Structures are given as structure tokens and as C-alpha cells.
Amino acid sequence: GDTSLSSLEQSIAGTLATRIGSSVFACITGFFCISILMTPSPTLETDLYELDRRVQVMLAVASGFFMWDIFICVWESWGAFFLLHGIAAWCVFTGGMRPFLNGTAAVVITYELSTPFMHLRRAIIELGYGHTTAKTVADLVFFAVFFFIRIVRGLPANYFWALRMIDALQ
């Protein structure tokens with residue numbers, strides 16, 4: 001029989017591959033950056049130009065990923081918000097390779113740890129299970145990870161980043 005995929009099946013397979021690839025990237029870089037933050041060099045958080053080769057590797061991976069992400073956002077019509085996120089992330093992570101703010105960069109890369117849960121909840125909806133317990137659990141886990149990583153940990157890191165920038169400009 002015919003083993004070729006229909007256009008819909010190809011679209012679903014492509015979207016699933018994108019979601020899995022994004023989630024793998026987020027887990028690898030996010031958890032690696034957590035390990036960096038748990039064993040930082042003494043000046044990583046205070047020296048604007050401190051070079052941490054571990055962070056540099058993660059910045060290079062993140063820059064490459066977000067270059068791909070920008071292409072995917074356009075190709076799969078994910079919308080302006082995702083496209084702007086991809087462009088901003090690419091600029092930030094590429095700019096950090098100078099080296100610049102490696103300590104803050106490690107924190108910001110951990111923000112991506114919410115990505116697998118965003119994709120999981122979206123996949124649950126797309127598969128027609130949007131009104132199930134699985135969707136509710138995915139929503140709660142996404143919210144918890146997003147809130148903790150980006151708000152509880154992220155806002156203070158961004159605040160201290162802003163203070164360092166103001167201090168550096170004076």
C-alpha cells in the first residue's frame with residue numbers, strides 16, 4: 001500500500017519535530033547552565049566581562065538554536081510574538097559571546113526550561129485533548145516552571161543586571 005504521508009501528517013510530523021528539538025535544546029542548555037550557576041567562578045556575577053568558557057559554549061549553542069528558531073517561526077507561521085522572541089534571544093545570546101555578562105547569560109538561558117512544558121501543553125491541545133486532566137497538569141507544570149525560573153529567579157537577576165549597567169555607565 002501507499003506509505004506516503006498526507007500533507008496534514010507531514011505538517012504534524014514537522015511541528016512535532018520542531019517541538020521536540022526545541023525541548024531538547026531547552027533541557028540540555030538549561031540544566032547545563034544550572035550546573036554552571038551552582039559552581040560559578042568567583043567574579044562571574046560581578047565582572048561584566050568575566051569569561052566563563054562553559055557559558056560561552058552555551059551561548060554559542062543558544063545563538064545557533066535561535067537562528068534556527070527564527071527560520072522556523074517564519075517557515076511555520078508561528079506569529080510575530082515568537083518571531084520577536086527568537087530575534088531578541090538571538091541578539092542577546094550572540095552579544096554575550098564578546099564575552100559580556102556571562103553570569104547573567106547563564107541565568108537567562110535557564111529561562112528556556114519552561115519551553116518543553118509550553119510545547120507539551122500545545123501538543124496536547126493540537127491532539128484534541130485540550131479538555132483533559134493531562135492538559136490541566138501540563139498547564140500547572142508550565143506555569144510553575146515559568147513562574148519560578150523567569151519570575152522568582154529571573155526578576156532579581158535582571159534587577160541586579162540593571163544595577164550593574166547603571167553603575168558601569170557612571
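For the numbers below, each heavy atom of this structure counts, side chains included, while hydrogens, waters and symmetry mates do not. It should be emphasised that the depicted structure is a prediction, and the values quoted were computed from it without experimental measurement.
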Check whether the side chains of [X] and [Y] place a donor and an acceptor atom closer than 3.5 Å, and report yes or no.
X     : Y     : value
Glu50 : Ser41 : yes
Thr18 : Glu76 : yes
Arg54 : Ser35 : no

According to a hydrophobic-cluster definition based on side-chain heavy atoms being under 4.5 Å apart (Ile, Leu, Val, Met, Phe, Trp, Tyr only), do [X] and [Y] belong together?
X      : Y      : result
Ile149 : Leu155 : yes
Phe25  : Leu83  : yes
Leu84  : Met118 : no
Tyr49  : Ile36  : no
Leu51  : Met58  : no

Heavy-atom check, side chain of [X] versus side chain of [Y], under 4.5 Å:
X      : Y      : answer
Phe143 : Arg121 : no
Thr94  : Met67  : no
Val108 : Phe93  : yes
Ile34  : Leu113 : yes
Thr15  : Arg122 : no
Asn158 : Val107 : no
Phe65  : Ser22  : yes

Problem set entry | Residue pairs involving residues 22-34 (criterion salt bridge (Lys or Arg N to Asp or Glu O under 4.0 Å); sequence neighbours excluded) |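 Pairs touching residues 22-34 that pass the test: none.
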
Specify the closest pair of heavy atoms between [X] and [Y], including all atoms of both residues, with the distance to one decimal.
X      : Y      : result
Leu37  : Ala106 : CD2-CB, 3.7 Å
Phe142 : Ser114 : CD1-O, 3.5 Å
Gly30  : Thr110 : O-CG2, 3.7 Å
Leu48  : Ala168 : CD1-CB, 3.5 Å
Pro116 : Ser23  : CA-OG, 3.2 Å
Ile124 : Ala134 : CD1-O, 3.7 Å

I need the [X] [atom1] to [Y] [atom2] distance, nearest 0.5 Å.
X      : Y      : atom1 : atom2 : answer
Lys135 : Thr133 : NZ    : OG1   : 11.5 Å
Leu120 : Thr115 : CG    : OG1   : 12.5 Å
Ile109 : Glu112 : CD1   : CD    : 8.5 Å
Ile125 : Asp139 : CD1   : CG    : 6.5 Å

Exercise. When you look at Gln56 and Arg98, which way does the side chain to side chain contact (heavy atoms under 4.5 Å, CB included) test go after all the steps?
Worked result: CA-CA 9 Å; Gln56 290 292 298; Arg98 293 218 21 95; over 6 Å; no

For this session: Evaluate the criterion ring-ring contact (aromatic ring centres under 6.0 Å, His included) for residue pair Trp68 and Phe71; output intermediate values, then yes/no.
Result: CA-CA 5 Å; Trp68 171 80; Phe71 171 78; 8.5 Å; no

For this session: Could you check whether the rings of His85 and Phe66 sit parallel, tilted or perpendicular, using 30° and 60° as the cut-offs?
Result: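 Taking Phe66 first and then His85, their aromatic rings stand perpendicular (interplane angle over 60°).
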
Problem set entry | Option from Val92, Ile70, Asp69 for which side chain to side chain contact (heavy atoms under 4.5 Å, CB included) with Ile87 holds |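 The option that passes is Ile70.
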
For this session: Could you tell me whether a side-chain N or O of Asn102 sits under 3.5 Å from a main-chain N or O of Asp52, the two making a donor and an acceptor?
Result: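 Checking the backbone N and O of Asp52 against the side chain of Asn102, a donor-acceptor pair under 3.5 Å is found.
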
For this session: With sequence neighbours excluded, give me every ring pair (Phe, Tyr, Trp, His ring centres under 6.0 Å) pair touching residues 107-137.
Result: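 Qualifying pairs: Trp78-His119.
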
